[in-house]
Amino acid sequence: MKISISSYSGMGAWFSLRLAAEGHDVDFLLSEPKYEDVLKGLIKPPLIQDIDQRRHILGYGFPDYEKYDLSLFDLTGRAKQADHSKMLTPTLGDGTLEHMLEDDREFGIKSMEECGINVPPYTKFNTPSEAKGFIKSSNKRYVFKPFTIGGTTQDTATTYVSKSAEDLLEFIDTLWESAKKAPFILQEFIAGQEIGTEAFFNGTDFFLISGTLEEKKFMNDNKGPNTGCSGNLIFAMSGEEKIYKEGLLKAAPFLRSSGFRGIIDLNTIVTEDKVYGLEWTPRFGYLCCPTIATMYGFGYGTLLFDIASGNSPEIKWNHRYGAGVTITVPPYPTEIRLPKAKGIPIEGIDPQNLKALTETYLFDAMVEKKKLVTSGNYGYIGAVLSGSNSIEAAFAGCDRKLEEIQIPNCQYRTDVEESTTKRYNQLMEWGWITP
């Protein structure tokens, strides 16, 4: 197949590598030239796009998606461009609905309510001054969740789980500033276990359901700032699991009537007897989707095409469990691009070994003088990935790869297996999932 991947951040460049390894002809369409060194030397040079969304009404200003069999978007935030693509070829990863579900917090929550999914009580605010009186009067513990502005991606560190009403009152002004003064919701804190339920939806039904347990804090024992994902445990699930029936499955009529096709994750918090929807991820997730691609094995490109085309895909799992551990160097977890962070050697990953490259999600990496080095994109190198038919073996695969990799000042969590396994066992004890 001839496939395009549209990106403004370079985040999905690895999928060009992964799909090319299956024999597909992949073009990486990049609208931000500053990320052109992402995976340089590992994938075809990106086609730099001068995207002018003001001209789309006249029928030009976007790439010629008609020449592709499949069009993928690696993040939400370019809804008009994705909607244009959908008129021409099978497309997934972004669009008006996807953008609204993920980036408009209020719309996403109201959609859950429309589906019959429980949500923690919440209130929307535009400024901290509006919220402070509410916090004082209720004296409850809340989670601060900002909206996005202008189709940009909100920094995950601006989602803040307060320790108390007093704690939130002290920090809410700083949080609002960090979130670019975006509107936000305060959602009542629910103590429980967080789990994502993900599946592929072809416009009619869900396929290849999986559970996701992510560790989002930067350091061991859940210390430090939030990150997108410091490591994960993914496990294949049947359609009979309680967490699926009381959560994501309820969204099927809504997604069907909305014409949605693609990957979708419902992030939830569960107690012993209740599930609460928190947020949607209706796109490629990092690291869950690279991990799921590892679990699925060869044919991942055909799977994406079938879903985007409304077909029923091949149902298979090469591995029942998948694991990923994020590897970084400073200045991560900040997203500051420093010249001195470019060209740092990455030893232990052979840039000529295609199998190793497809089993290691990569972002801040490129080839220089036949060696793998950082590309200068704030130190988020990527993640080691492994699949197996037991949790222990999946993480053992990650451990072997981590031992082989040598990077100056390399940073990664060493407790991802322990933490996610504990959560997995708690979910089994409560009856939300089965062994």
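Taking the centre and axis of the six-membered ring of Y8, the NZ or CZ atom of R78 falls inside the cone set by 45° and 6.0 Å.
Looking only at side-chain heavy atoms (C-beta outward), F15 and C289 come within less than 4.5 Å of each other. Proximity of I209 to E241: side-chain heavy atoms (C-beta onward) are nowhere separated by under 4.5 Å. Residues W432 and V275 meet the side-chain proximity criterion, which asks for heavy atoms closer than 4.5 Å. Put simply, the side chain of L92 does not reach to within 4.5 Å of the side chain of R261, judged on heavy atoms. In this structure, F218 and Y332 have side chains that are in contact, with non-hydrogen atoms separated by less than 4.5 Å. Proximity of C288 to I234: side-chain heavy atoms (C-beta onward) are separated by under 4.5 Å at one or more points. Side chains of I407 and P345 form no contact here, defined as non-hydrogen atoms less than 4.5 Å apart. Taking 4.5 Å as the limit, every side-chain heavy atom of L169 sits out of range of all side-chain heavy atoms of S162.
Just one of E279, K145, R105 meets the side chain to side chain donor-acceptor pair (under 3.5 Å) condition when paired with Q187; it is K145.
A donor atom on one side chain and an acceptor atom on the other are found under 3.5 Å apart for T414 and N220. A donor atom on one side chain and an acceptor atom on the other are found under 3.5 Å apart for T328 and Q411. Side-chain N/O atoms of S375 and D364 include a donor and acceptor closer than 3.5 Å. Side-chain atoms of Y65 and S6 include a donor-acceptor pair closer than 3.5 Å. Side-chain contact check for Y424 and Y321: at least one donor-acceptor pair (N or O, by modelled atom type) lies under 3.5 Å.
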Taking it one step at a time, do W14 and T360 satisfy side-chain contact (heavy atoms from CB on, under 4.5 Å)? CA-CA 9 Å; W14 178 83; T360 307; 5.7 Å; no
Check the pair E102 / T76 against side-chain hydrogen bond (donor to acceptor under 3.5 Å, both in side chains), numbers first and verdict last. CA-CA 8 Å; E102 180 170 21; T76 55; 2.7 Å; yes
Test side-chain contact (heavy atoms from CB on, under 4.5 Å) on L304 and L70 and set out the steps. CA-CA 8 Å; L304 297 177; L70 176 64; 4.0 Å; yes
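Separation of the F207 and F200 ring centroids does not fall under the 6.0 Å cut-off. Ring to ring, F125 and F144 are not that close: their centroids are 6.0 angstrom or more apart.
A salt bridge links K355 with E359: the closest approach of a Lys/Arg side-chain nitrogen to an acidic carboxylate oxygen falls below 4.0 angstrom. Electrostatic pairing of D415 and K223 does not count as a salt bridge here, judged by no charged N lying under 4.0 Å from a carboxylate O. A salt bridge is absent between E32 and R337: the closest approach of a Lys/Arg side-chain nitrogen to an acidic carboxylate oxygen does not fall below 4.0 angstrom. Salt bridge annotation for R423-E215: present, with a cationic side-chain nitrogen under 4.0 angstrom from a carboxylate oxygen.
Looking only at distances, no side-chain donor or acceptor of N389 sits under 3.5 Å from a matching main-chain atom of H319.
The aromatic rings of Y380 and F363 are tilted relative to each other, their planes meeting at an angle between 30° and 60°.
Evaluation of the salt bridge (charged side-chain N to carboxylate O under 4.0 Å, His left out) test over residues 11-31, restricted to residues two or more places apart or in two chains, returns K2-D25, K2-D27, R18-E22, D25-K44, D27-K44.
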